[in-house]
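First up is the structure itself, then whatever we jot down about it.
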Amino acid sequence: MTGDPTRGIVRVVPDPASLAESAAEAFVRLTSAAIAVRGRFTVALSGGHTPRALYELLATSRFASRIDWSRVYVFWGDERCVPPDDPQSNYRMAREMLLDRVPLPADNIYRMKGELEPNQAAADYDLLLREFWGNRLGVFDLVLLGLGENGHTASLFPGMPAVHEQVRWVLAQYVREVQTWRLTLTPVVINAAANVLFLVEGTSKANVLRQVLQGPYQPDRLPAQIVRPTHGKPTWLVDVAAAAELEKSI
Ligand code: 6PG
């Protein structure tokens, strides 16, 4: 195990292909466990580039055949405020890489509506989650997260009020860095999850990963640090390149 033990369980794998493989195995394991106990599996997907290989792998028969998709319920951790067929849409990426390739009922897919006015979309999704969870704090079986080079995760970006949100479950924020509106789950929901899995790969993430895991606690500068699940530590699945700057724990 590498990194600050208080900030998560770090698993280092050789390369992106083994990262996708390990993540897919974890996904299957968590799905089976949740369905066995609760009869369903709820997951908030992440966007960006890193999870593409995981989604593609989950859609292969080697993995898809091991999942009871009728009991899987898919949400998103964040979304860009664009239409669902926009190349920037996290929904579109997941639909193309996974959702269109497995027998997941359409009713089990809960998309953030990026095409709506951002604050309306956030309010709608917040309400959708509260209705889904029966007005109790939603406990996702799994929240998948990535890590941006600036330390953001989901769409919790440095300096944004959403990083410290204590009440609402979903917020819309205009993100100057990317000059777009984004929708994001807040730490309220992310930290309530039963399992949080970060997927981080590549040399470009090595410096920020070291800062997040081993540097001072500064969530306004490194929002990924705000992820401290109440049900246990997040798991960081990282490849050797991303782990290159981590000081090996003695
Ligand atoms: C998004 C993601 C975002 C992502 C990081 C890492 O909407 O872009 O949810 O939080 O996980 O930016 O992205 P990469 O995997 O592309 O490096």
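Throughout, residue positions are numbered sequentially from 1 according to the sequence presented. Atoms within a ligand are numbered from 1 in the order they appear, just like the ligands themselves. Since the structure is predicted, the reported quantities are computational estimates derived from the model, not experimental observations.
- Counting protein heavy atoms only, atom 13 (O) of ligand 1 is closest to Gly48 CA, 4.1 Å.
- Between Phe140 and Phe75, the ring planes are perpendicular. Angles over 60° get that label, and only those under 30° would be called parallel.
- In terms of protein heavy-atom proximity, atom 15 (O) of ligand 1 is nearest to Thr50 OG1, 2.6 Å.
- Residues forming a side chain to side chain contact (heavy atoms under 4.5 Å, CB included) with Arg40 (at least two apart in sequence, or on another chain): Thr42, Tyr73, Phe132, Trp133.
- Ligand 1 lies less than 4.0 angstrom from a heavy atom belonging to Arg182.
- The distance from ligand 1 to the heavy atoms of Ala154 drops below 4.0 Å at these ligand atoms: 3 (C), 9 (O), 10 (O).
- The cationic group of Arg130 lies under 6.0 Å from the six-membered ring centre of Trp169 and within 45° of the ring axis, placing it in a cation-pi geometry.
- The side chain to side chain donor-acceptor pair (under 3.5 Å) check on His164 picks up Asp220, with sequence neighbours excluded.
- For ligand 1 and Leu147, the ligand atoms under 4.0 Å from any heavy atom of the residue are 6 (C).
- Those atoms of ligand 1 with a heavy atom of Gly146 less than 4.0 angstrom away are 11 (O).
- Within the structure, the closest approach of Arg80 to ligand 1 falls below 4.0 Å when heavy atoms are considered.
- Residue, atom and distance of the protein heavy atom nearest to atom 16 (O) of ligand 1 are His49 N, 2.7 Å.
- Across Leu183 and Ala121, no two heavy atoms sit closer than the pair CD1-CB, 3.7 Å.
- Distances below 4.0 Å separate heavy atoms of Asn90 from the following atoms of ligand 1: 1 (C), 7 (O).
- Of the candidates Thr153, Asp78, Leu45, it is Asp78 that places a heavy atom closest to atom 2 (C) of ligand 1.
- At least one heavy atom of Lys205 lies less than 4.0 angstrom from ligand 1.
- With hydrogens left out, the protein atom closest to atom 5 (C) of ligand 1 is His152 NE2, 3.4 Å, a heavy atom.
- Between the side chain of Thr153 and the backbone N or O of Gly146 there is at least one donor-acceptor pair closer than 3.5 Å.
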If you apply the rule side chain to side chain contact (heavy atoms under 4.5 Å, CB included), what do you find for Gln179 with Tyr174, and how did you get there? CA-CA 7 Å; Gln179 295 181 336; Tyr174 182 75; 3.6 Å; yes

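- Between Asp85 and Arg92, no side-chain nitrogen of the basic residue sits less than 4.0 Å from a carboxylate oxygen of the acidic one, so the salt-bridge criterion is not met.
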